[in-house]
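Below, chain A is the first sequence line, B the second, and so on; all start at residue 1. The basis for the numbers below is simple: all heavy atoms, side chains too, and nothing from hydrogens, waters or symmetry mates. Since this is a predicted model, take the numbers as computed values, not measurements.
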Amino acid sequence: MDRTLAEKVWDAHVVRHVEGEPDLLYIDLHLLHEVTSPQAFDGLRAAGRQVRRPDLTVATEDHNVPTVDIDRPIADPVSRTQVETLRRNCAEFGVPLFPLGDVDQGIVHVVGPQLGLTQPGMTVVCGDSHTSTHGAFGALAFGIGTSEVEHVLATQTLPLRPFKTMAVTVEGELPAGVTAKDLILAVIARIGTGGGQGHVIEYRGEAIRGLSMEARMTVCNMSIEAGARAGMIAPDEKTFAFLAGRPHAPTGVEWHAALAWWRTLATDPDARFDTEVVVDATQLSPFVTWGTNPGQGVPLSSTVPDPAALTDASERAAAERALEYMGLTAGRPMRDIAVDTVFVGSCTNGRLEDLRSAADVVRGRRVADGVRMLVVPGSVRVRLAAEAEGLHEVFTAAGAEWRHAGCSMCLGMNPDQLAPGERSASTSNRNFEGRQGKGGRTHLVSPQVAAATAVVGRLASPADLV
Amino acid sequence: MEKFTVHAGRALPLRRSNVDTDQIIPAVYLKRVTRSGFEDGLFAAWRADPDFVLNRPEHEGATVLVAGPDFGTGSSREHAVWALQDHGFRVVISPRFADIFRGNSLKGGLLTVELPVDVVERLWSDVEADPELVIVVDLERREVSWPGGTAAFELDDYTRWRLMEGLDDIGLTLRAADEIAAFELDRPTFLPTTRPRGDG
Ligand code: SF4
């Protein structure tokens with residue numbers, strides 16, 4: 001029978017199938033970080049259990065590490081405890097760890113692909129919902145809760161019921177100046193924050209095939225914001241080229257064996273999806289959010305929408321609440337909205353390509369007076385590569401702050417936060433109330449829009465700068 | 001894990017939709033490394049408002065949370081489930097749950113019950129009219145009842161059995177240890193390990 005990419009990966013990992021019970025699925029790669037793992041290790045210890053496959057497990061420190069003065073002890077005692085607990089747990093259970101200061105440290109979803117640990121056809125899990133990022137390689141990758149982290153540590157498997165499948169087909173080519181971030185924000189606005197519920201989304205079509213691997217990661221990263229468990233893209237020559245030569249990619253005979261399998265993974269021509277959505281790429285333009293969930297977005301060229309126009313009562317109430325929180329009124333042009341802070345970084349847009357595109361916009365320009373711009377590379381290696389190209393000088397010459405790697409202002413667990421009422425343009429993935437600091441107001445944008453916004457001081461795209 | 005068969009308790013009417021996990025427990029409360037004590041973070045931002053429903057004395061001790069659609073969206077943090085449980089909730093009712101939240105809850109023994117919007121609205125107004133009203137959640141019969149009505153809910157047999165037996169997932173899976181070992185023998189050798197290259 002013809003099968004989808006997701007179904008093929010699933011089938012290849014079923015350890016046990018019993019009618020009426022969840023399938024027991026084998027996990028090829030388990031990523032850990034300091035926030036969602038301590039209680040899992042606590043549980044193992046309490047039950048006298050071991051980590052079954054430390055050699056399929058790897059940890060990094062990202063969520064609450066500082067992005068300045070990283071050689072000094074972490075000032076916040078709770079963050080320090082979490083980081084130290086992770087270090088102790090990894091040492092005790094034999095799990096490899098990339099601690100702060102290590103050249104492989106960084107945001108867990110940037111580190112995996114960069115090392116070549118994320119490969120097509122694998123199952124990848126992490127106690128973090130943006131694990132969907134790894135689906136860009138044709139892996140089935142999804143976020144899990146802490147008790148599932150404990151389950152994978154102890155058994156290297158997870159009991160799961162099959163996900164439903166959804167095809168999001170993006171036809172045509174993206175217009176110039178429109179990025180993967182604009183595309184995914186538009187998709188989420190279209191299908192809603194619950195639209196992907198229970199599904200694995202496979203992104204397909206000409207526009208998706210045209211994206212770089214980094215841009216594909218941006219798209220898959222935000223699948224969770226549409227409510228989906230995972231996002232996937234069929235592996236192709238770009239995927240293989242990205243992987244070749246990475247530290248953990250197969251070599252020699254193994255490479256060819258892997259390649260032969262990877263080439264069989266794409267969805268069969270007659271496979272059926274439970275849900276299908278078609279998007280016309282040619283109609284897309286830079287997209288920004290106005291509200292407090294990632295589905296509340298509009299084209300930058302448009303205005304803050306009027307909740308009164310919404311027919312669904314609970315959506316209308318949510319929109320009214322969002323506008324109040326965001327301090328916005330209906331009808332205001334998005335381009336009129338002034339920001340205090342611009343954040344470039346996160347597992348959505350903290351890779352080298354993202355930093356390059358932001359740097360291209362600010363090169364030779366200045367960040368507007370009164371605006372603070374933070375540029376936070378997704379990993380130490382991204383930082384080093386960016387510095388080798390001189391991007392850090394472009395940013396600092398423009399008046400931006402060049403930081404060390406971590407999640408930083410994506411979730412405001414470290415000192416990088418918005419003050420109450422402050423407004424940001426952020427390349428991250430969530431604009432929830434208080435996400436970037438209590439009372440902070442977030443507009444989700446692409447790196448290009450973030451950089452142009454920093455220069456203008458109001459939401460803007462690079463086209464507004466000429 | 002505590003067994004769940006029938007629960008009877010008072011309800012907290014939370015008239016909000018799209019309650020994401022950042023609202024259930026803001027990130028600043030996630031910094032603990034233990035597994036208990038998360039109740040202080042529950043709805044922390046909203047609790048600053050003395051009129052917020054969780055602060056109202058007539059609802060003190062409620063054990064059944066009745067919320068609007070799309071409860072538990074956003075971050076996968078399981079602390080959201082712990083915060084609700086540590087505060088004393090045993091059941092959350094909503095017209096629709098985010099998948100990860102629902103999965104986390106059922107694994108941890110917090111029962112999520114999906115009921116249609118109109119039933120939830122009736123529950124809200126009945127509980128607001130009489131905060132003392134007791135809701136009975138019967139997992140055996142997959143049914144919610146209260147003085148104003150009865151509503152059936154769906155839950156697959158397997159999850160229901162696990163909850164009723166109070167069975168922990170890991171223990172269940174470890175019964176299949178031989179099958180896991182057999183699967184491992186067949187895994188392709190090109191798959192990566194996290195050990196540094198050249199280390200075997
Ligand atoms: S960058 Fe943001 S979304 Fe990504 S892993 Fe870190 S906190 Fe989560």
Query raised in the report: Between A:H248 (side chain) and B:T194 (backbone), is there a donor-acceptor pair under 3.5 Å?
Result: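 Flag not set: sc A:H248 to bb B:T194 has no pair under 3.5 Å.
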Given a strict heavy-atom distance threshold of 4.5 Å, which part of [X] is in contact with chain A: side chain, backbone, both, or neither?
{"X": "B:A48", "value": "neither"}
{"X": "B:A98", "value": "backbone"}
{"X": "B:W161", "value": "neither"}

Query raised in the report: Charged N to carboxylate O under 4.0 angstrom, B:K107 versus A:E150?
Result: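 So B:K107 does not pair with A:E150 through a salt bridge.
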Report task. Output yes when A:R229 and B:D99 qualify as a salt bridge under the 4.0 Å nitrogen-oxygen rule, no when they do not. Result ->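 A salt bridge is absent here (no side-chain N lies under 4.0 Å from a carboxylate O).
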Could you give the distance from [atom1] ([X]) to [atom2] ([Y]), rounded to the nearest 0.5 Å?
{"X": "B:R16", "Y": "A:R321", "atom1": "CZ", "atom2": "CZ", "answer": "4.0 Å"}
{"X": "A:T123", "Y": "B:L191", "atom1": "OG1", "atom2": "CG", "answer": "8.5 Å"}
{"X": "B:R77", "Y": "A:T146", "atom1": "CZ", "atom2": "OG1", "answer": "11.0 Å"}
{"X": "A:L44", "Y": "B:I170", "atom1": "CG", "atom2": "CD1", "answer": "6.5 Å"}

Against chain B, label [X] side chain, backbone, both or neither, depending on which of its atoms sit under 4.5 Å from a heavy atom there.
{"X": "A:A317", "value": "neither"}
{"X": "A:T85", "value": "side chain"}
{"X": "A:E225", "value": "neither"}
{"X": "A:L86", "value": "neither"}
{"X": "A:T118", "value": "neither"}
{"X": "A:D104", "value": "neither"}
{"X": "A:N293", "value": "side chain"}
{"X": "A:E433", "value": "both"}
{"X": "A:R435", "value": "both"}
{"X": "A:P294", "value": "neither"}
{"X": "A:D128", "value": "backbone"}
{"X": "A:T155", "value": "both"}

Any idea which of [options] has the most non-hydrogen atom pairs under 4.5 angstrom with chain B?
{"options": "A:G198, A:G43, A:G227", "result": "A:G198"}
{"options": "A:P54, A:A257, A:A318", "result": "A:A257"}
{"options": "A:G116, A:G145, A:G194, A:A12", "result": "A:G145"}

Are any non-hydrogen side-chain atoms of [X] and [Y] less than 4.5 angstrom apart?
{"X": "A:R49", "Y": "B:L174", "answer": "yes"}
{"X": "A:L56", "Y": "B:R187", "answer": "yes"}
{"X": "B:V33", "Y": "A:F41", "answer": "no"}
{"X": "B:I180", "Y": "A:L24", "answer": "yes"}
{"X": "B:E184", "Y": "A:R52", "answer": "yes"}
{"X": "A:S314", "Y": "B:P69", "answer": "yes"}
{"X": "A:R161", "Y": "B:D156", "answer": "yes"}
{"X": "B:N104", "Y": "A:I144", "answer": "no"}

**Report entry** Check against salt bridge (charged side-chain N to carboxylate O under 4.0 Å, His left out), B:D20 and A:R430
**Finding:** CA-CA 11 Å; B:D20 59 72; A:R430 287 192 173 147; over 6 Å; no
Requested in this report: Take B:E78 and A:S147 through the test side-chain hydrogen bond (donor to acceptor under 3.5 Å, both in side chains) and record every step on the way to the result.
Outcome: CA-CA 8 Å; B:E78 203 162 359; A:S147 69; 2.8 Å; yes
**Report entry** Interface residues of residues 14-22 of chain A facing chain B - heavy atom cut-off under 4.5 Å
**Finding:**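 A:V14, A:V15, A:R16, A:G20, A:E21, A:P22 fall under the 4.5 Å cut-off.
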**Report entry** Partner chain A: residue of B:D186, B:I100, B:D70 with the largest heavy-atom pair count (under 4.5 Å)
**Finding:**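 If we count pairs closer than 4.5 Å to chain A, B:I100 comes out on top.
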Requested in this report: Mind telling me whether B:F190 and A:W261 have parallel, tilted or perpendicular rings, with 30° and 60° as the class edges?
Outcome: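 A:W261 vs B:F190 ring planes: tilted.
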